[in-house]
Structure formats: structure tokens, C-alpha cells
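Values in this document were obtained by computation on a predicted structure and should not be read as measured data. Reckoned from all heavy atoms, side chains included, excluding hydrogens, waters and symmetry mates.
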Amino acid sequence: MGKQAGQAKSFGANEIDWRTVIVFVSIAFSSQCGGGFAAGSTPWSYFFMNTGFYGILPVVTQPYFCLFMPFVVAAINCFMIYFFMKFAMDFRTFDYSNFLARYGSTFWGGILAKPMQWVYEFNFNWLLIVCMALAYSSSGSALAELTGIPYILTTFIVGIIMFALCMKGSSLVRKNAVFMSAVIFIALVAVNVPNLFFNLSSGRLSAEMAVMSDQMNTSIAQGAGSFVKYLLVALCWAYIFSGQNLGGFGAYVNHAQLFTNKKTLRMAVILSVIANWAFLEISVVNLAANYSEVLEGWQAGKAVYTILVVQNGVGGTVLKGILLTLITVAIFFATISTAINYAQGFNDRVLNWYQKKVKEDPAVSAAKRNKRGAILTLFYVILTWGVSQAGLTSLVSKGLTAVSLINLFTLILPTVMNVIIGWKDADYENLTKEG
């Protein structure tokens, strides 16, 4: 492949492009560290107190296994992200539609390529709704628990702010994306790392792990299942957590154009997975060390468990007040970035589809885009606000779980098939960036 105008030079097959590595690690971290993660609700719902899934998975709580489940998530993510991005890099397929068509054409005569595209379209549109609703719910739940204002009102307030930002602030948010990512990173470190050492040194973790062990042994003795059943269910939920991480793999495919050899890609994927695993593991340890209190909060309808970690953790009143402020800001910034990205994605998909359907002149579409975008944004905000009233825990345990299971067909099994079949590497010595 020859160089085109605007393309960066190839780094060759054996050189690591560290700038690209850093860029991708930042993107991957901000993509997976959303409001539900910062609030602690996502790891709690998957690793501690799942509620089954419409009869497909049993209602078996397995918090005893919580400490190793993030490693299983990391292992799955590392395998999946590396191989499907390598495929996209090797075949230069950076649009998810073209990627899926090529990905599904390599096995069984390509019979599943088109169905994979249809299912992914459905899954992505569902993800647009659930993740935006989850963004409202994360911030709304945090405000409700800290201020006592009813959840329906706090999410309404957040909805108004989101609409204003989606209409006027998208460029501002994009310009400050690095700043917001840095704030989220600093807030998570400030909240979780000191509490990690506190919970380990105070013996809270070991005490709560004993509580979990007793609960599981009691349930097994009462006939709820065997140790093996609990372990298998834990592994299933670790996969489901990974599957919802990979729900927006279309964006990852787009970023494959940054890479020109598998050595850079391998390093970027490994470091990004390690970063996300480390933060997830720390969060899980702190939740485990506060298991009894978080369980009571969950039973009482609370959904932002990081607040309980801070309230029961290190420091006096002043320090805890600072940490609570930091985690609230982190949740809100994570919500903003999620909301802007998904609202923009929703608008672009609908408007591009409409333009193609009516065969409208591109100049006319461009002139009417802002007005149409405002109407679509208002509709999207109202729709997702309504969905957010289901509550943060329900959105996580049911909504994102559906995304994970559908990904079995659109990404997980196709990746396994393609890895088994194998494909020829691109010519990395002459491969150049396209973005």
C-alpha cells in the first residue's frame, strides 16, 4: 500500500510507536471508565449481587469470587480487543459495517456476515439508549444520595444540563476531553488508593471476605447449589462484564487505523487492559471491604456505592467531604463525556440514514442539520430520561447484560472462529496510518 497525502510514516514491523500507544491507552481508559464504574454500581451488580437474567442465568450471588473476577475480565478483553483490532488493521476495515462484513465472510461461506451486521445495528442502537440512560442515572443517583433530593428530580435536572451541553457544549467538551479524563483519573486515585491501604491494613477486607464465605457456605448447605455452580456463575458474570465493555467495539475498530504493526498494537492493548484491570481491581477490593454496608445500601435502594466506601473509609470529616466532592465530580464528568458521545452518535446515525433514504442534496442536509439535530437531541434526551427511571441497578444488571449476550453473536464467537482459522499479516514494513 503506497503512501497517500496526509498519511504518517510507517514505523516498520519491529518498531513501537509509543505516541500511538499512549493515545490508545487514554481512549480505552476513558471509554471503559464511565459513570457506573466510578459509582461502583457496575462492579457491584456483576461481581457481588447479580439478580439473574430473565431465567437465562440463575440468581446466585457469589461475592466470595469477586477478587479474581476482574482478572478474568482483563484476560477476555485483552484477547478480544487485540485480535479484532488486528483484523481491522490488517485488512484496513475501520468502519464497523465493512469490518463486520469482512469479519463474517471468513468462515461458513460468509452466511452469517449480513445477520451479524443486522444484529449489531440493533445492539448498538440499544446501547445508545441504555448508556445515555445510565449516564443520567449515575449522576442523578449520586445527587439524590448526597442531597436527599428525589431521584426523579435529580435526573430531570441532569437531563436539562445534558440537553444544554449537547446543543451548545459539544465543542467545549471535546476541547477539554483531556482535562476531564485527568480529573476522572485523579479523583479515582484519590478516592480508591488511600481507601485500599486503609481497608487492607485495618483488616476490614479479611473480615468481610469471611462474611462472604459464610454466606456462600450457608447457601450451599441449604441447597442453593454447589461450589462449582457458584464458580461457573461467577465466570459467566465476569464474561458479561467484559461483554458490556466491548459493546461499542465499532469505536475500537475505528481506532485501528492508528496502528501500522502488531507490536505497537499488542503493547497498546496490553497496557490499556492492565490500566483498566488495576482500577477495577482496586474498586472491587474497596467494595468487598465494605460488603456488609454496601449490601444494606443496595437493599435500601442506594446505587452509588463509592459514597459508602468514602464514608466508611480513611480520614476525618473534612477529608471525606473532599473525597465525596471529587467522586461526584468524576461521576458527572464521566456522565458528560458519555452523554455527548452517545447523543452525537444517535444524531449522526439518524440524520445520515434520512439523507440516504430521501436522497437529499448534501448541501441541503448540511443547512438543516442543526435544526434537525436539536429536535433529535430533545427526543433522545426525553426518551433516555424515561428509561433512566428504571434505576441505575436495573439498567446495569438487565440493560447492559443484554448487550453482552448479543455480543456473543456479533463479536465474541466470530473472533474465536477467525483466530482458529487465522489470517495473513499485512505488510507492516509498508503499512501507513490512515488517521
Side-chain angles (χ1 to χ4, degrees), residues 4-7 27 31 84 88 91-105 110 112-136 159-160 162-175 177 246-258 336-387 403 406-407 409-411 433-435:
Q4 299 175 9
Q7 289 182 332
I27 292 171
S31 297
F84 77 69
F91 291 100
R92 319 310 286 164
T93 53
F94 308 126
D95 172 79
Y96 73 85
S97 183
N98 295 331
F99 168 81
L100 283 175
R102 188 65 181 263
Y103 216 42
S105 68
L112 294 180
K114 188 59 68 174
M116 281 168 57
Q117 288 178 286
W118 294 335
V119 172
Y120 179 74
E121 286 288 349
F122 168 80
N123 202 29
F124 191 79
N125 285 311
W126 171 240
L127 190 67
L128 285 175
I129 295 172
V130 173
C131 284
M132 184 67 165
L134 186 61
Y136 292 136
I160 293 174
M162 290 306 155
F163 177 74
L165 287 171
C166 288
M167 291 303 303
K168 302 294 184 181
S170 58
S171 60
L172 179 65
V173 170
R174 284 194 294 270
K175 289 177 182 177
L246 300 172
F249 71 85
Y252 281 101
V253 167
N254 179 260
H255 296 312
Q257 62 189 304
L258 295 170
I336 289 174
S337 59
T338 300
I340 298 297
N341 289 336
Y342 278 102
Q344 190 63 47
F346 177 81
N347 286 354
D348 286 345
R349 291 166 72 79
V350 174
L351 293 176
N352 291 340
W353 168 82
Y354 179 78
Q355 180 183 339
K356 291 179 181 179
K357 181 176 178 62
V358 302
K359 298 180 180 179
E360 188 174 60
D361 182 83
V364 175
S365 294
K368 296 182 177 180
R369 196 171 187 89
N370 287 341
K371 182 178 180 180
R372 290 171 175 172
I375 296 172
L376 278 173
T377 299
L378 180 60
F379 168 77
Y380 183 53
V381 165
I382 293 172
L383 172 64
T384 51
W385 178 82
V387 174
V403 171
I406 294 173
N407 265 351
F409 178 69
T410 58
L411 183 65
K433 294 184 181 182
E434 298 186 17

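- Annotation: salt bridge (charged side-chain N to carboxylate O under 4.0 Å, His left out) contacts involving residues 120-135, sequence neighbours excluded, comprise Glu121-Arg349.
- In this view, Asn123 and Asn407 satisfy the side-chain hydrogen bond (donor to acceptor under 3.5 Å, both in side chains) rule, not counting sequence neighbours.
- In this structure, the side chains of Leu376 and Leu351 come closer than 4.5 Å at one or more pairs of heavy atoms.
- Residues Gln257 and Arg92 come closest through the heavy atom pair O-NH2, 4.4 Å.
- Atom-to-atom distance recorded for Leu258:CG and Phe94:CZ is 9.0 Å, nearest 0.5 angstrom.
- The side chain to side chain contact (heavy atoms under 4.5 Å, CB included) check on Ile382 picks up Leu378, with sequence neighbours excluded.
- Partners of Thr93 under the side-chain hydrogen bond (donor to acceptor under 3.5 Å, both in side chains) rule, at least two apart in sequence or in another chain, do not exist in this structure.
- Every residue two or more places apart in sequence or in another chain was checked for a side-chain hydrogen bond (donor to acceptor under 3.5 Å, both in side chains) with Tyr120, and none qualifies.
- Asn98 pairs by the side chain to side chain contact (heavy atoms under 4.5 Å, CB included) definition with Asp95, not counting sequence neighbours.
- Scored by the side-chain hydrogen bond (donor to acceptor under 3.5 Å, both in side chains) test, Lys114 finds Gln117 as partners (sequence neighbours excluded).
- Distance check: Ile160 CD1 to Trp385 CH2 gives 10.0 Å after rounding to the nearest 0.5 Å.
- Ile129 meets the side chain to side chain contact (heavy atoms under 4.5 Å, CB included) test with Leu383, Thr384, Val387; sequence neighbours excluded.
- Atom CZ of Phe124 and atom CD1 of Ile406 lie 13.5 Å apart (nearest 0.5 Å).
- Taken from CZ in Phe91 to CZ in Arg102, the straight-line distance is 4.5 Å, to the nearest 0.5 Å.
- For Phe84, the ring-ring contact (aromatic ring centres under 6.0 Å, His included) criterion is met by Phe249, not counting sequence neighbours.
- Ala113 approaches Gly104 most closely through the heavy-atom pair CB-C, 3.9 Å.
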